[in-house]
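As structure tokens, the structure follows; a few thoughts come after it.
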2 protein chains.
Amino acid sequence: MSRYDPSAFPPFAVTVDLVVLTVREHALCALVVRRGEPPFQGYWALPGGFVRPDEGLAEAAARELAEETGLRAHTAHGQAAAGAHLEQLATYGHPQRDPRLRVVSVAHLALAPDLPTPRPGGDARSARWAPVGELLGRGGEDGVPLAFDHAAILADGVERARSKIEYSSLATAFCPAEFTVGELRRVYESVWGVVLDPRNFHRKVTGTPGFLVPSGGTTTRQGGRPAQLFRAGGATVLNPPMLRPEP
Amino acid sequence: MSRYDPSAFPPFAVTVDLVVLTVREHALCALVVRRGEPPFQGYWALPGGFVRPDEGLAEAAARELAEETGLRAHTAHGQAAAGAHLEQLATYGHPQRDPRLRVVSVAHLALAPDLPTPRPGGDARSARWAPVGELLGRGGEDGVPLAFDHAAILADGVERARSKIEYSSLATAFCPAEFTVGELRRVYESVWGVVLDPRNFHRKVTGTPGFLVPSGGTTTRQGGRPAQLFRAGGATVLNPPMLRPEP
DNA sequence: GTAATAGTGTCTCTCAGACATTATGCA
DNA sequence: TGCATAATGTCTGAGAGACACTATTAC
């Protein structure tokens, strides 16, 4: 067997990268930052950074998320603070994925409600919300692809989000604390890129136990007849699941 | 912002750990090896080892799997060689998870057919297939828990396998190349820990397009009336999914 | 009024779950 | 002959999908 001597282990750099998704104007968008230094200088990239010697992976991801967006993270067993859902996505460690040194990146997926300000991070780098279709289909807005292997990471994050809102109540993470059935339906439509029947959708989500709880109030912020406001119920898994229509 | 100088990155050790599952005698079993050195000397642990400087994560996992079991790995886009299914599970990086040094472990999940020999690895360490219920419920066979955080990793792997055979054809990875509907049903029963109706199961799996293709032959290795033999079809996702009965 | 969205009801078809019977090989 | 397992058929109820109508606000 070829077990290494632990005192002579090969050293790696470990980072966290973030796929932060939100729904803006009926489009699924991801947070990207512009790189100010080589390699890939001037390219758009996913936010991220090195894991510190004394912090865990989820901790590092939550710290980076707070630095980039000001959001507190809701982990699975998480806090009650207002903020985003955060979960580990996958780990990317191809030997040549960073030309400088051997970097293993633990990617995380964050789902956030539409933020008033797509505010840049604390430093001078610029940041923006970009529709994922623009980022994944033939490069970015200038035809420039994402830095490193970030396009693959983003694609995996988007696919995770698309499949996970089927059988979990995670779609509510894209909504503000109080939301209407129509707003939740537009989240599903934006993430899946489909059109859903409003009547069947309403019957389904209100009939799934623990998914939605009425908050009592109503709103007309979408125009038309006043709509009932709901909060996310306690249920995390949906039974029966929402079904994504096939093309 | 607190971006580290890449030339002064904090060094980590990166390992791969393997959750190798199989079905033996109507029980879901995991491969564990006995540790010959501290820490956790004498404890059972998941097989694994350090990632080498020039290999990728999946590559390292496939190498460890071959060393421990002799199986070739079938990755998602993988080879045609006879062997096990292998996929990345999750990454574990709590700062104190290894008392010696900072280790980030990228856990992988492997699903294998029942192997004739639970043969130990190339070195002198002993290895065995242990029922996961025994490993997860109140420690191992001697009441000894698994080393490090391996109980949590194993639990995550088992849950991944349990949920993934619902909507994918992965259950066939537990079967030999040719198998009967009854054998496949016993896989589902063992992994889920339930009893399934043979008639409904037969109707369901044979009616799902692309799941099973008849190989033409029959067998009586289970006794009783000769059963038709099948191979795994090309389908990877099942539509409609198999439904896990609730307790 | 018009326009916009919210909310409810009905029908049909597919499928999951419960259940009985016949078929075939081995000891 | 007895026993094991395989394979097929029928019924019923739940739920998804298609579709029409009424309700309530803003302008």
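Just so we're on the same page: letters track the sequence lines, and every chain starts at 1.
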- Task: Find the distance B/Leu212:CG to D/dA7:C1' and express it as a whole number of Å.
- Result: 15 Å
- Query: Are A/Phe230 and A/Phe179 near enough that their ring centres are under 6.0 Å apart?
  - Reply: no
- Item | Modelled atom types, side-chain donor and acceptor of A/Asp17 and A/Ser105, under 3.5 Å | yes
- Does the side chain of A/Glu178 come under 3.5 Å of the side chain of A/Ser215 through a donor N or O and an acceptor N or O? yes
- Query: Rounding to a whole Å, what distance do you find between A/Glu189:CD and C/dT5:C1'?
  - Reply: 13 Å
- Indicate whether OP1 or OP2 belonging to D/dA6 is found under 4.0 Å from a side-chain N or O atom of B/Arg185. yes
- Residues A/Ala112 and A/Phe174: closest non-hydrogen pair is O-CD2, 3.5 Å
- Using atom CG of B/Asn200 as one end and atom C1' of D/dA6 as the other, report the distance to the nearest whole Å. 15 Å
- Message: For C/dC15 and B/Lys204 - does any side-chain N or O of the residue sit under 4.0 Å from the phosphate oxygens OP1/OP2?
- Response: no
- Of B/Pro241 and B/Pro226, the one whose closest nucleotide on DNA chain C sits nearer the 5' end is B/Pro241
- Message: Nearest to the A/Arg225 side chain among D/dT22, D/dA6, C/dA16, which nucleotide is it?
- Response: D/dT22
- Describe the nucleic acid contact of A/Pro198 in one word from base, sugar-phosphate, nothing, applying a heavy-atom distance below 4.0 Å. nothing
- Note on the structure: Separation of C/dA18 atom P from B/Phe201 atom CZ, nearest Å, is 15 Å
- Task: Return the value, rounded to whole Å, for the distance between atom CE of B/Met242 and atom C1' of C/dA16.
- Result: 11 Å
- Message: Tell me whether the side-chain N/O atoms of B/His202 come closer than 4.0 Å to OP1 or OP2 in D/dT8.
- Response: yes
- Query: Can you check the B/Phe230 CZ to D/dA7 C1' distance for me, whole Å?
  - Reply: 10 Å
- Will you find, in the side chains of A/Asp156 and A/Tyr92, an N or O donor that is under 3.5 Å from an N or O acceptor? yes
- What integer distance in Å separates A/Glu183:CD from C/dG7:P? 11 Å
- From the candidates D/dA7, C/dT5, C/dC19, the one with an atom nearest any side-chain atom of B/Asp197 is C/dC19
- Item | Options C/dG9, C/dA6, D/dA7, nucleotide nearest the side-chain atoms of A/Arg199 | C/dG9
- Does A/Arg186 put a side-chain nitrogen or oxygen below 4.0 Å from OP1 or OP2 of C/dA6? yes
- Note on the structure: Of A/Arg203 and A/Gly223, the one whose closest nucleotide on DNA chain C sits nearer the 5' end is A/Gly223
- Message: Output the rounded distance in Å from OH (A/Tyr188) to C1' (D/dA16).
- Response: 15 Å
